[in-house]
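Letters A, B, ... mirror the listed sequences (proteins, then strands); counts begin at 1.
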Amino acid sequence: MEYYLRRNHPDKVIQLYDKFIASIEKKKSARGSEDRESSSDLIPPAMPSATTSPSPHSGEASTLLAVIAAHAIKDDFEAAMNIYTSTSIRTKSFSQNDERLTRLKYNPKLVQRLTVWIPRLHLASLVSRPQMLHKLLKRYANEQAVQPIEKLYQCLKDGLTGRAPFLTTKSQKPNTPNRLVLPAMIWTSFLSALMKCQRRDLAASLWDDMISFGIRPGLSMWTTLIDGFDNNRAVDEALAAWKMMRGQNVHPDGLAYRAIISALFNGNKSALAMRTFDEFQSTAMKTSPTDCTLSVYNTVLHGLLLTNQIDEANNLLQSMPQTGLKPDLISYNTLLAYHSRRGDLKELANVINDMSAANIIGDIFTFSTILSGMLKAGREDAPKLILKLMRKQGIEPNVATYSAIINHHMKRGDEISVRAAFLMLQQMEADPQIHPNDVTYTSVLANLYRNTWLSSEQVEEWRKDIVQRMERRGVKFNLPTYHILIKACLTNTESEGLKNALWYYHDMRKRKIPMANTTWYILLAGLLHREEWNIADEMVNQMYTTGLQPSGSLSELVGKIKKRTRILDPEV
DNA sequence: CTAGGGTTAG
């Protein structure tokens, strides 16, 4: 194939590729029938092994690139796209300095065309396998990796409207039969990923793009938007989206109700959340599947407990049987979490008894929750006890389990405990099953900032070490992380504390992570407490420039800063 | 496609 490419005979290359594919298909079907003959009907198919499904060798990728290059010589992108999206050949997307590409450098025009084509072909193959694209975006969002998401999205937009479009939304289809149709769910996947990265600005422009392509956002898109605002702790925006959705006569289902109710509870609007829940019960609940209804109930339960409305929570639980609903494992875990936060061992035991009476077996969430509740209550033997219990039940401890233990060590703050925490962290880093996450590292960092036992040199050394480890592993800060760290820094009375807090603030701005009301509250309350009036004034100004109109407790805080009201109670 | 619970902290 390379010979014909060099001789500029693309059609020969294409012929050879077709033959190659045909021979593969023949081999596959031959092998397939052999398998059928040899295996009895009673024996289930074996695990895929090297002999039954050969792993793609690199030769296949080179062959694919050769035929793509042949089509590039003929400038037939559509044909290349058809091959690329339908081939079973697995290949990492070819990078620009791929060794296979540089072998074509005798034809610079061809190489240049291929460097434009390859990312587009990569996207096209993802668009034709939406669930694969979704998985990829989800992974990027988990890693807070905005750039690759943006890159894919830019390529998508370019594919719809650029100089040589190869994608189409359904509404345009009649005039463009040769383009790949973009499934509507892909918009939802991108929106969800961008919101999880706290990039409301990019999410907003995606929304605008979608409208300008003539797509009316459907229920799932609205739900994703509201969920995203909830993730970003932006209640007002969530509520605005909810109203806009209803204004467009889109009827919410259980999932949509769940999203808005969660946002309202998290945004301190529990009365409105409960009214919305009542509305759900008298409307969408009638046609909602049981598991979906239960998720709404569990969200309400979680919200009530979050706002310390324990009586209301018990009323809700008691009302469930009348509607044919039974509390499930998640309901019980939610209850356990409430008592765990309060370190209430007696109530924890009560819930565990209720669970066994209802024949509900605990899972990893259950055990991690109980473990941290016991630690909060001062039970030093909790890790040993719970880990033993888990082994007996065959439940593997995970990141949350070990993070809880590490947090406990770090909280104690003496040198021996901190060293124990670092040792456990090292063990987690060495084991791919329990790699530390943002929560683990945040716990270590926040406790270091708050530490008053150790020398500041020692703290600084350990802090640098942690930051390096995070960078090495690609673990990035997100909104709750910043909140925790800024607050921890500001509680440290040393001047370092203030400096560090402001560093995190600037880092947030640099990374374009939008501030939630809570962010400003934490910052301003900390500055007020330290009586850093000038810096507090400056922050208030910067808050106004973001267009935020503070209300409630946040505006009270602004008033106190303006009036230089000193906090006299040293406990606050 | 969007989906309820745990580990950071409030």
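- Put simply, A:Asn407 has no side-chain N or O that comes within less than 4.0 Å of OP1 or OP2 on B:dT7.
- Within 4.0 Å of A:Leu294, counting heavy atoms only, lies at least one base atom of the nucleic acid.
- A donor-acceptor contact under 3.5 angstrom links the side-chain atoms of A:Ser403 to the base of B:dT7.
- Residue A:Ile522 is out of contact with every strand shown, counting any heavy-atom pair closer than 4.0 Å.
- Considering only side-chain atoms of A:Thr369, the nucleotide from B:dG6, B:dA9, B:dG4 that sits closest is B:dG6.
- For A:Asp291 against B:dG4, no side-chain N or O and base N or O form a donor-acceptor pair under 3.5 Å.
- Base engagement by A:Ile364 is indicated by at least one non-hydrogen atom pair under 4.0 Å involving a base atom.
- A:Asp438 is linked by a side-chain hydrogen bond (donor to acceptor under 3.5 Å, both in side chains) to A:Asn478, counting only residues two or more places apart in sequence or in another chain.
- Nearest-nucleotide positions on DNA chain B for A:Leu306 and A:Ala400 put A:Ala400 closer to the 5' end.
- The only member of A:Trp222, A:Trp187, A:Phe190 that meets ring pair (Phe, Tyr, Trp, His ring centres under 6.0 Å) when paired with A:Trp207 is A:Trp222.
- Put simply, the side chain of A:Asp363 and the base of B:dG5 share a donor and an acceptor less than 3.5 Å apart.
- When distances are taken from the side chain of A:Leu255 to each of B:dT2, B:dT8, B:dG6, the shortest belongs to B:dT2.
- Across all strands shown, A:Ser189 has no heavy atoms under 4.0 Å from either base or sugar-phosphate atoms.
- Of all nucleotides listed (B:dG4, B:dT2, B:dA9), B:dG4 comes nearest to the side chain of A:Asn298.
- No hydrogens or angles were tested; on distance alone, a donor-acceptor pair under 3.5 Å links the side chain of A:Ser368 to the base of B:dG6.
- Counting non-hydrogen atoms under 4.0 angstrom, A:Arg450 reaches the backbone sugars and phosphates but no base.
- Listed nucleotides: B:dT8, B:dT7, B:dG4. Nearest to the side chain of A:Ala404: B:dT7.
- When each of B:dT2, B:dG5, B:dG4 is scored by its nearest atom to the side-chain atoms of A:Phe365, the top-ranked nucleotide is B:dG5.
- Residue A:Arg341 has no polar side-chain atom (N or O) positioned under 4.0 Å from OP1 or OP2 of B:dT7.
- The side chain of A:His408 contributes no N or O atom lying less than 4.0 Å from OP1 or OP2 of B:dT7.
- For A:Lys135 and B:dT2, the NZ to P distance is 13 Å, given to the nearest whole Å.
- Base engagement by A:Thr188 is indicated by at least one non-hydrogen atom pair under 4.0 Å involving a base atom.
- No hydrogens or angles considered: nothing links the side chains of A:Asp208 and A:Ser205 as a donor-acceptor pair under 3.5 Å.
- Partners of A:Phe477 under the ring pair (Phe, Tyr, Trp, His ring centres under 6.0 Å) rule, at least two apart in sequence or in another chain, are A:Tyr482, A:Tyr504.
- Put simply, the side chain of A:Asp328 and the base of B:dG5 share no donor and acceptor less than 3.5 Å apart.
- The side chain of A:Lys138 places an N or O atom within less than 4.0 Å of a non-bridging phosphate oxygen (OP1 or OP2) of B:dT2.
- In this pair, A:Tyr257 and A:Trp242 present their aromatic rings perpendicular. The plane angle is above 60°, beyond the 30 to 60° band.
- Across all strands, A:Ala337 comes closer than 4.0 Å only to sugar-phosphate atoms, never to a base (heavy-atom distances).
- A:Ser220 comes within 4.0 angstrom of a base, heavy atoms only.
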Practice problem: Assess whether side chain to side chain donor-acceptor pair (under 3.5 Å) is satisfied between A:Asn437 and A:Thr440, documenting all intermediate values. | Solution: CA-CA 5 Å; A:Asn437 58 17; A:Thr440 324; 3.0 Å; yes

